[in-house]
Amino acid sequence: MAMPGMIKGLGVTMKTMVRTITQGADTVQYPNVKEEPTPRARGVIALHEENCTSCMLCARECPDWCIYIEGHKYLAPPRREGGKPRQKNALDRFDIDYSLCMYCGICVEVCPFEALFWTPEYEYSEPKIADLLHDKAKLGQWMETVPDFEDYEAGSEAKKLTVPK
Amino acid sequence: MDPTQSQQLAYIAGQAADARVNVELETDEGMVLNLGPQHPATHGTLRIVAKLDGELVIKAEPIMGYMHRGYEKLTEVRTYPQVTALINRIDWLGNFANEVPFILAAERLMDVEAPPRAQHIRTILFELSRISNIALFLGDMAVQLGAVTPVFLAFRDREHVLNQIEAVTGGRFHPNFDRIGGIKDDLPAGWIEETHAVMVKMRKFCDEIEDLVLGNEIFQARTRGIGVIPADVGLEYGLSGANIRASGVDWDLRRDNPVGLAWDKVDWKVWTHPDGDSFARYWVRLQETREATKIVDQLLDTMPAGPIMAKVPRIIKVPAGEAYIATENPLGEMGYYLVSQGELTPFRVKIRSASFSNMSIAPWVLQGTYVPDVVTILASLYFILGDIDR
Amino acid sequence: MISTFAYELSYWQQTVLRVVGGLVAVLLPAGSFVYLYLFKMMSFMQSRLGPMEAGPYGSLQLLAEVGKFAQKEDLIPERADRMVFKLAPYVVLVSTFLMVIVLPAGPDMLMSNFDVGIYLALAVSSISVIGILMAGWSSANKYSLLGSLRATGQLIAYELPLVLAVVGVVIQAETLNLQGIVFAQAEGDIFGWGGIGNPFIFTQFIGFALFMVAIQAELTQPPFDMPVAESELVTGYLTEYSGMRFLMFFIGEFATAGVFSAMAAVLFLGGWYVPGIDPNSDWFNLLGPAVLFGKMMLVSFFIFWFRISYPRLREDQLQRLAWKVLIPIALVNIVATAVLKVVF
């Protein structure tokens, strides 16, 4: 009446139990211990306002239409004496609604002026849904948490970008 | 017609469809049991209406559609990058594998070929998705059968694979990483080493599962001879993936339908099993997971250097035409039939999802089984509701 | 105890003591099993830590759960049979409490020195079948009905190996009295060496194995938990129970596990006896309950270990195991015990 298969199964559970007692579990006790996600993890989007020219590409490409941009044109003084005044865009409003955002990354990817960056921050839940609309100032604050871009593996021909500080 | 009247008619039509099922089953002998949309055994909102005689199933009918999200209609009004972001969510456990056939179809219409390094990385991510998906299956089928421990081991070891996918793409479940012409970004430094270590862990996990579940006599008593699907019946119903390989048919799209990814550059084996029962399906998937770890190891060692993106225009407009590409996804054969008219958005995308065809065999195979066997068979066929209903 | 410490307690004081003792005997094992085995051991075997927040290392989690269950709404389905529905948990609990009456925890620490103790215990333990049937049938739910019908078949089928396994012990101890069985083990000897007495597990190892399998089935624990098959029947016969009523079933299940393990300890492992001290001494009145508790924890460790590791058997496979495998083995065991008893 030997049942080796069942005995081996008991061995696996016993081994797991002993390992958990002696070496600790594979889970961490959040929020006392927090695991670090990888640097490329898509946590929240940060905005570097100086680079943004209100080209509206990100708002157009977003599948959920969760980015709200308003800007106005103004005349900047000419570069040299006696030149024409230059027309520039100023950013009035740049909101991302994180209750709609599906974290696909299309906006970060299509921005031609490198004004949007991913950061691995994930602890921004709010009791009220309306507070999930991050405005320009808050998106600028997220820039402090953007990690530097990592080096690439050997054999890669991609160029590493830098994060503006 | 004003909206309220059309809504009323739609409601009545829905009730009538429901009533047909109910009346049809209520008029015969036996008790009707709804393994209903909310049930721990079905992977999501699937409804199986079973007519029982005691514990014997006389007739069973699956009713799908509780999770229909209108994917094929959505793709008509989304641009190609947006569609790529959306289709990640069809089979939400086989993360990267959903994007690949669609991107390959678009590349075929655009007559663009991704560089070798991109194909290589695509194949690695594809196999990692396979490992994470099937690892969940190995734990999940055990829990459907009553063993509560293997599913925790599965989740624990799957985390390592998901961390690796996150390190490259930024997303654990929805990578959104494939682009027409290549992939989005290159591998971070140190990734190859870490992934080798993760593959060692996954092989150890497979050994543990073999000891804990596969070798268990109770598990074998529950799955051997249950839900036998002969090869010809399976082929008639359109089964694909591990389900049909477990019935002895030697058919694997990775080998038999080359689409440009790097499977022909590595040395690997297709696993089949002669019985067609639930045990065979579990066994084949376990061996496939081990094989996938070996494929990833070989691919990591032979990574070519080079660019990761071919020359494509910034705004993607796929030329007019039709293309169908199918790949061997973790669940089975998944294909995208892409019809384009040269616009920014596809004209029509038909999604051939594996689980929809796999579920079609349910009335045939569930007849004459016991209620516990219904759960076993459905678990071994392994469907994901998002894949069935899209 | 009463005469030893020169205390003369009146009848009502003894009754209070007995009631308190009975409650402790039932609830203490339930609580410690739930915490130690269900929360902690199961978690460690699954590579996680289990509850850690409520109290140090989560030790007060059961109190938190009791509080949670107590404040839930008392739901009774509309088409359920109200009186039967409400009565079912109590029927299951009654069988557990009645079994504790004959369980000895020391030479004088027992509620009633029944001469047919083991017979009463086994008879009373089958009352729970009625409770489960009542629960499932009155719930007006097809899943509950399926679960309770499966339970009835399973529990009745596994009563027989349970009883037959015990017959071997009774033959060897020459008495049905549980206290007498403990003394037989305490004062017996193995081939003339009386060092550790004669715990019946050495000679009745087949009976012990049968008893353990039968307990696993009587408690509807995996691998025999078809009645409560969580992935098919949601919670089987318990589906419609919520709040305090569910808690009663829950505590009843673990209390029954405790009582059955204690019974196994008494029958096979020597009960409250540890070798080295005279079984009639008064120290055992203080030491005995602790010893019995320890042995009970040891036996139930195995019950829960099997629960965590194995999938469940299908109903007809269960029945086949009971009728075609376990009962013949038990009968052979009885015949062998009887023959060897006469020979030696």
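By convention in this document, chain letters (A, B, ...) are assigned in the order of the sequence lines, proteins followed by strands, and residues within each chain are numbered from 1. This one's a predicted model, so the numbers in the text were calculated from it and none came from an experiment.
Enclosure of atom CD in C:Q71 by more than 12 non-hydrogen atoms of other residues, nucleotides or ligands within 6.0 angstrom is indicated. Around atom CZ of C:F69, more than 12 heavy atoms belonging to other residues, nucleotides or ligands sit under 6.0 Å away. Crowding of B:K204 atom NZ: a count of heavy atoms from other residues, nucleotides or ligands under 6.0 Å not exceeding 12. Other residues, nucleotides and ligands contribute at most 12 non-hydrogen atoms within 6.0 Å of the CZ atom of B:F155. For C:W137, the CH2 atom sits in a loose shell: 12 or fewer heavy atoms of surrounding residues, nucleotides or ligands are nearer than 6.0 Å.
For the side chain to side chain contact (heavy atoms under 4.5 Å, CB included) with B:P372, the lone residue among C:R312, C:Q317, C:R150 that qualifies is C:R150.
Not counting sequence neighbours, the partners of B:R172 by the salt bridge (charged side-chain N to carboxylate O under 4.0 Å, His left out) test are B:E159.
Taking the ring axis of B:F152 as reference, the NZ or CZ atom of C:R48 stays within 45° of it and closer than 6.0 Å to the ring centre.
Under the 4.5 Å side-chain criterion, counting only non-hydrogen atoms from C-beta, B:T376 is not in contact with C:R314. Taking the side chain as every heavy atom from C-beta outward, C:Q46 and B:V151 never approach each other to under 4.5 Å.
Closest approach of C:S309 and B:N216 over heavy atoms only: O-ND2, 4.1 Å. Here the shortest heavy-atom pairing between B:I218 and C:L313 reads CG2-CD2, 3.6 Å.
Looking at B:Y370, only its side chain comes within 4.5 Å of chain C, counting heavy atoms on both sides.
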>> Please determine whether side-chain contact (heavy atoms from CB on, under 4.5 Å) holds for the pair C:M42 and B:T149, giving the CA-CA distance in whole Å, both sets of side-chain angles, and the decisive distance to 0.1 Å.
In response: CA-CA 8 Å; C:M42 188 181 216; B:T149 322; over 6 Å; no

